[in-house]
Amino acid sequence: MSIDENTAARVAKLARIKVEDDALPALAADFNRILGFIEQLNEVDVEGVEPMTSVTPMRLKRREDQVTDGHQQAQVLANAPDAREGFFAVPKVVE
Amino acid sequence: MADLNKLTLADARDALKKGETTSVELTEACLKAIDAADALNAFVHKTPEIAMERARAADARLAEGDAPAMCGLPIGIKDLFCTRGVPSQAASGILEGFRPEYESTVSQNLIDAGAVMLGKLNMDEFAMGSSNETSVYGNAVNPWRRGNDEAALTPGGSSGGSASAVAADLCLAATGTDTGGSIRQPAAFTGIVGIKPTYGRCSRWGIIAFASSLDQAGPMTKTVRDAAIMLEAMCSSDAKDSTSTDLPVPNFEALLTGDIRGKKIGIPREYRIDGTPEEIEKIWSDGAAMLKDAGAEIVDISLPHTKYALPAYYVIAPAEASSNLARYDGVRYGHRAKLAQGDGITEMYEKTRAEGFGDEVQRRVMIGTYVLSAGFYDAYYNRARKVRTLIKKDFEDAFAQGVDAILTPATPSSAFGLGEMAEADPVQMYLNDVFTVTVNLAGLPGISVPAGLDKQGLPLGLQLIGKPWDEGDLLNIAASLEKSAGFVAKPAQWW
């Protein structure tokens, strides 16, 4: 499996990270080295093995479905780069 | 008392109880040491006002005879922990200016135990790295040097600032976190003790997430006894982390009996790796001999899937990271890129993340995105999770044979020079975690204990791996090893 520049550009897009065109060859090369290392996993016989979902045998906890928190608008917005009138502000999303 | 900052937690606690010193004096000594150690770049956000306020409160509690376990003891907190009102940015540019409105469960537990926070500690960005070279704050520096050679060495990573600060006596102890070795490797590189407890022992709530199925917090301390004291203070059952255990937290310190007679210690043959320096092989066999002399039985064991742990980790950890780090979108906190005329929300996301994340974080987020993408999910991610099941089973089989703990080297080398790996490809850096990463994949407790110096005069560590939830037994075996190894060396002060 070899990653070309088009694939690297597609992955960057999926990850929502802007990568300039001139940086794509080096990125693709890095991907290929890392994926080459990962390829070793193909040597392992995993027939009939369950993929791990939880490292400790535990059932996820449940709780009553009731409100335990809230009414903290100021704290929620305190770290926003742009907050207006009690909301997060972002560039126009819908034309 | 002289050199209060050089005390262990246990000695400082006892001195406080006897009234031989005060928390204010201890804290002032540490703050002075911190201000004189900017060359180490370990403390990246100093909080002297908070420290003095908590020290005075601790002294009042001590005077009233109402002192909890860590009352008045000054410590450092890794930048990965959210601390209310204090910068908490995971050493990343994308969390520039972020001051949490809340406190992580672990740091709150430490506050409740009376500990005094001195400030926030340097680390690799989002805990991704093994040398502290991916930090937005710049490199943390190891207080140890190769004899008279002035070349700056790495304190390891990702908890590099924590390791450097404890080794240089800037604080009595520090918190760390460990996803693939990030407590144990830096502890080994700086001659201190670091324990990663069983997955689920410490709440992850309020710790900035890297790979949620692997991340665990733990203490980094000067002695095994201190690790026992601080681990107990950090652990709790927490409704805010559904993976935190409901098992009671033992009094770990009380379990340090020093008696390890009849314990069965496994030596895994797969950890003999080509290219491991002879000195590390020797310190490993010396460690086994010490445990044997203390009455333990040494047995050879096999962990057949060891070789596949790192490649499995480099699928699972980036996959979880790509999901966890999706939250850094420039909307709710941290950095937002300046936009050009006509830029929409997609450009905002892409520019913000390109500017805010460093190279290694970007690389791992994209690798994670790739292995989770349509058509590759089964081939990479599901296969890695199956291999993880097999790695865990290797350990279960060893424990089923009656093995109480497993002894391995902590790292494949001693501390290397900052910048020395700059030209190496990313995989070379990943090999640092070859002995530690299996433990995270299996969710087990692991501890690094300083065991000796190499011929360059740098510390080397040994790792003990324990049974799930049996940190008490693990700490007791580690204390025996610590006593036999008799490691007392300290770095010569040059900073």
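Just so you know, these numbers come straight off a predicted model, no measurement behind them. So that the names make sense, note that chain A is the first sequence line, chain B the second, and so on, each numbered from 1.
- Residue B:Val331 touches chain A through both its backbone and its side chain, counting heavy-atom pairs closer than 4.5 Å.
- Comparing A:Ile34, A:Val93, A:Asp45, A:Thr7 by how many heavy-atom pairs each has under 4.5 Å with chain B, the most go to A:Ile34.
- In this structure, CG on B:Asn382 lies 13.0 Å from CE on A:Met52, to the nearest 0.5 angstrom.
- For chain A, the nearby part of B:Met348 is the side chain; its heavy atoms alone come within less than 4.5 Å.
- Atom CD1 in A:Ile3 sits 3.5 Å away from atom OH in B:Tyr370 (nearest 0.5 Å).
- Both the backbone and the side chain of A:Gln40 come within contact range of chain B, with heavy atoms under 4.5 Å apart.
- The environment of A:Asp82 atom CG is dense: over 12 non-hydrogen atoms of other residues, nucleotides or ligands sit within 6.0 angstrom.
- Looking at A:Ala89, only its backbone comes within 4.5 Å of chain B, counting heavy atoms on both sides.
- Residue-environment remark: CD (A:Gln66) exceeds the threshold of 12 foreign heavy atoms within 6.0 Å.
- Using a 4.5 Å cut-off between heavy atoms, B:Ser322 makes no contact with chain A at all.
- Across B:Asp343, B:Leu310, B:Thr198, the residue that shares the most heavy-atom pairs under 4.5 angstrom with chain A is B:Leu310.
- Interface remark: of the candidates B:Val387, B:Leu214, B:Val365, B:Val387 forms the most heavy-atom pairs closer than 4.5 Å to chain A.
- Ranked by heavy-atom pairs shorter than 4.5 Å toward chain B, the options A:Val11, A:Leu41, A:Val90 are led by A:Leu41.
- If you tally non-hydrogen atom pairs under 4.5 Å between each of B:Arg353, B:His305, B:Glu347, B:Arg332 and chain A, the highest count goes to B:Arg332.
- Heavy-atom pairs under 4.5 Å with chain A peak, among B:Ala337, B:Ala312, B:Pro468, B:Pro100, at B:Ala312.
- Interface residue A:Leu27: only side-chain heavy atoms are found under 4.5 Å from chain B.
- Looking at A:Phe31, both its backbone and its side chain come within 4.5 Å of chain B, counting heavy atoms on both sides.
- Across A:Val76, A:Asn79, A:Asn42, the residue that shares the most heavy-atom pairs under 4.5 angstrom with chain B is A:Asn79.
- The part of B:Tyr430 that comes within reach of chain A is its side chain, from C-beta onward, which places non-hydrogen atoms under 4.5 angstrom from that chain.
- With chain A as partner, the option from B:Lys393, B:Arg99, B:His335, B:Lys351 having the largest number of non-hydrogen pairs under 4.5 angstrom is B:Arg99.
- Contacts between B:Ser237 and chain A at a heavy-atom distance below 4.5 Å involve the side chain alone, from C-beta outward.
- Ranking A:Lys61, A:Arg10, A:Gln72 against chain B, the residue ahead of the rest is A:Lys61, based on heavy-atom pairs under 4.5 Å.
- Interface remark: A:Ser54 contributes no atoms to any contact with chain B (heavy atom separation under 4.5 Å).
- Looking at B:Asp378, neither its backbone nor its side chain comes within 4.5 Å of chain A, counting heavy atoms on both sides.
- Between the CG atom in A:Asp69 and the NZ atom in B:Lys240 there is a gap of 8.5 Å [rounded to 0.5 Å].
- Residues of residues 12-25 of chain A placed with any heavy atom under 4.5 Å of a heavy atom in chain B are listed by number as A:Ala12, A:Lys13, A:Leu14, A:Ala15, A:Arg16, A:Ile17, A:Lys18, A:Val19.
- Atom CZ of A:Phe87 sits in a sparse spot, with 12 or fewer heavy atoms from other residues, nucleotides or ligands closer than 6.0 Å.
- Contact of B:Thr352 with chain A is not made at all, since no heavy-atom distance falls under 4.5 Å.
- With rounding to the nearest 0.5 angstrom, the CD atom of A:Glu50 is 14.5 Å from the CZ atom of B:Arg388.
- Residue B:Trp469 holds its CH2 atom at 5.5 Å from OG1 of A:Thr56, rounded to the nearest 0.5 Å.
- Between B:Gly330 and A:Pro81, the closest heavy-atom pair is O-CG, 3.4 Å.
- By number of non-hydrogen pairs under 4.5 angstrom with chain A, the leading residue of B:Ser244, B:Gly368, B:Gly356, B:Ala384 is B:Ser244.
- Of the listed residues A:Arg62, A:Lys92, A:Glu43, A:Arg63, the one with more heavy-atom pairs under 4.5 angstrom with chain B than any other is A:Glu43.
- Shortest non-hydrogen contact noted between B:Pro426 and A:Arg33 is CD-NE, 4.2 Å.
- Residues B:Leu339 and A:Pro91 come closest through the heavy atom pair CD1-CG, 3.5 Å.
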